[in-house]
There are 2 protein chains.
Amino acid sequence: MARPRMFDEERALDAAMRTFWEKGYEATSTQDLCAATGLGRSSIYNTFKSKRDLFERALAHYIDTTTATQLAVLEDTRHRAADRIRTLFEIIIDGETEHRAGGRSLGCLTVNTTVELAGRDSATAAMLERDLARRLAMMRAVIEEGRRDGSVTSRRDADALARFINAAIGGMRISSQGGADRAALESIAEVALDALTH
Amino acid sequence: MARPRMFDEERALDAAMRTFWEKGYEATSTQDLCAATGLGRSSIYNTFKSKRDLFERALAHYIDTTTATQLAVLEDTRHRAADRIRTLFEIIIDGETEHRAGGRSLGCLTVNTTVELAGRDSATAAMLERDLARRLAMMRAVIEEGRRDGSVTSRRDADALARFINAAIGGMRISSQGGADRAALESIAEVALDALTH
DNA sequence: CAAGTTTTGTACTGACCTATCCATAATGCT
DNA sequence: AGCATTATGGATAGGTCAGTACAAAACTTG
């Protein structure tokens with residue numbers, strides 16, 4: 001009935017996500033987004049309402065893919081809870097090693113957005129809060145499983161341990177963006193895991 | 001010999017620092033800086049070469065004041081090493097509780113800048129790296145003292161523990177910006193300290 | 001093949017951005 | 001007082017920003 005799209009919306013979203021991830025929201029111009037996606041301005045504004053809207057969808061895309069793979073690891077009941085958390089750390093370190101630009105890690109779009117936008121954009125903050133709540137809930141559940149399977153012996157309550165693991169992940173991402181290499185990140189992860197068996 | 005300045009350069013720097021801290025580098029306009037400092041554009045550009053230069057000096061100002069008070073705590077040999085680290089955590093939590101805007105913590109300008117600029121501005125990255133190296137060195141020294149005074153019993157090497165503590169601090173700041181309240185931050189700190197006595 | 005509908009490229013808009021220019025004001029020194 | 005020097009305010013420049021308008025292109029369906 002009408003002219004079809006010349007591009008794949010998901011691929012465009014992915015390219016936009018990558019750009020926001022690399023440069024941050026403010027430093028990314030709509031021209032950058034055109035260049036990264038290969039689309040013209042019209043196509044972008046025809047498909048997405050605004051730069052903000054595109055960003056929010058890119059962030060949602062990031063959250064969906066990233067949190068999904070992380071939750072899959074945490075739900076893998078073939079391994080003991082503490083080992084699943086160790087695997088999660090490994091995956092995160094792999095990601096930090098993999099996603100780089102200009103010799104530096106890009107960190108995590110969720111963390112970066114928490115820093116850059118959460119304080120000023122309530123819609124974005126709400127997205128991040130939902131994701132955080134989901135990850136904390138899952139982590140609490142894993143901690144409790146660990147308590148049962150014996151791999152978590154700390155007497156701290158599950159909520160505190162979950163928040164701690166989450167903070168440790170954030171800290172590793174900041175360390176990575178600050179220049180820490182793989183070995184440094186691995187040592188941080190090892191020490192963090194010690195706290196679970198205190 | 002000439003007309004004197006109507007303003008205190010240090011106060012202006014402090015106001016600029018606060019603005020960059022709240023909004024980030026990119027989202028802060030030179031007009032914002034005029035409003036925050038109370039200066040006219042001429043005075044700003046007469047005193048500082050550019051927005052970037054003003055930012056770098058504001059960041060240096062932040063690093064000087066913040067790192068100085070933190071190092072003072074870590075050097076206070078009246079207390080055992082682990083207690084000094086606990087006090088450092090408390091100071092950081094106080095700071096997160098204190099420095100807020102719009103109901104949200106501002107986090108730490110050093111962390112925020114690592115996220116927003118370190119990947120794209122090598123001069124800024126160099127400043128952050130120097131500060132990080134200094135803090136890690138001090139933390140290593142404290143860990144080693146803790147080993148001697150018995151307050152740190154973990155067998156992990158001092159470098160790993162230092163990096164871990166630093167990452168934990170970063171993670172607490174991200175958590176705070178993500179909405180964690182004081183109780184949550186305190187529980188994260190407690191768990192992190194567990195790792196030192198593993 | 002033609003009508004109808006959507007996409008796409010180009011040009012454009014008005015606002016805001018960093019930075020500078022210049023005239024005027026305000027001081028210290030002689 | 002008068003001169004040299006610096007600070008300040010206001011206007012302005014030139015560029016980039018997000019977003020829009022519009023016409024041509026491209027496709028589906030009848």
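Because the structure is a prediction, the values reported are computed rather than measured.
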Quick one: does R41(A) reach the base of dG19(D) with a side-chain donor-acceptor pair under 3.5 Å? yes

Could you list all the salt bridge (Lys or Arg N to Asp or Glu O under 4.0 Å) pairs where at least one residue sits in residues 150-166 of chain B, not counting sequence neighbours? E190(A)-R156(B), D194(A)-R156(B), R140(B)-D159(B), D159(B)-R163(B)

Does M172(B) offer a backbone N or O that forms a donor-acceptor pair with the side chain of S176(B) under 3.5 Å? no

Could you state the CZ-P distance from F7(B) to dA7(D), rounded to the nearest angstrom? 8 Å

Name every residue in residues 44-58 of chain B that has at least one heavy atom under 4.0 Å from any atom of DNA chain C, in order of residue number, or write none if there are no such residues. Y45(B), S50(B), K51(B)

Starting from L136(A), walk the hydrophobic network (Ile, Leu, Val, Met, Phe, Trp, Tyr; side-chain heavy atoms closer than 4.5 Å) and list everyone else you reach, by chain and number. L132(A)

N/O (side chain, S43(B)) to phosphate O (OP1/OP2, dT8(D)) under 4.0 Å: yes

Nearest whole angstrom, please: distance from the C1' of dT8(C) to the CZ of R5(A). 11 Å

Listed in order of residue number, which residues of residues 22-31 of chain B have a non-hydrogen atom at under 4.0 Å from DNA chain C? T28(B), S29(B), T30(B)

With a 4.0 Å cut-off on N to O distance, would you call R86(A) and E186(A) a salt bridge? no

Counterpart residues, side-chain contact (heavy atoms from CB on, under 4.5 Å), relative to M138(B) (two or more places apart): L71(B), L74(B), E75(B), V142(B)

Cut-off 3.5 Å, side chains only: do H99(B) and S105(B) have a donor facing an acceptor? no

Tell me, which pairs form a salt bridge (Lys or Arg N to Asp or Glu O under 4.0 Å) where one or both residues lie in residues 100-114 of chain A, sequence neighbours left out? R104(A)-E129(B)

Which residues share a salt bridge (charged side-chain N to carboxylate O under 4.0 Å, His left out) with R80(B), sequence neighbours left out: none

Can you find a donor-acceptor pair, distance only, under 3.5 Å between S42(A) side chain and dA21(D) base? yes

Does F20(A) sit in a hydrophobic cluster with other residues, and if so which ones, taking ILVMFWY side chains as linked at heavy-atom separations under 4.5 Å, directly or through other members? F7(A), L13(A), M17(A), W21(A), Y25(A), L33(A), L39(A), I44(A), Y45(A), F48(A), L54(A), F55(A), L59(A), Y62(A), I63(A), L106(A), L109(A), L117(A), M127(A), L128(A)

R148(A) with E144(A): basic N within carboxylate O range, under 4.0 Å: no

Got a sec? Which of residues 112-122 of chain B come in under 4.0 Å of DNA chain D, heavy atoms? none

Scan residues 27-36 of chain A for pairs that pass salt bridge (Lys or Arg N to Asp or Glu O under 4.0 Å), counting only residues two or more places apart or in two chains. K23(A)-D32(A)

Is the closest side-chain donor-acceptor distance between T67(A) and D131(A) under 3.5 Å? yes

Note: contacts of residues 32-39 of chain B with DNA chain C (heavy atom, under 4.0 Å) are none

Just grab all the salt bridge (Lys or Arg N to Asp or Glu O under 4.0 Å) pairs involving residues 106-128 of chain B, residues at least two apart or on different chains. E26(B)-R120(B), R52(B)-D121(B)

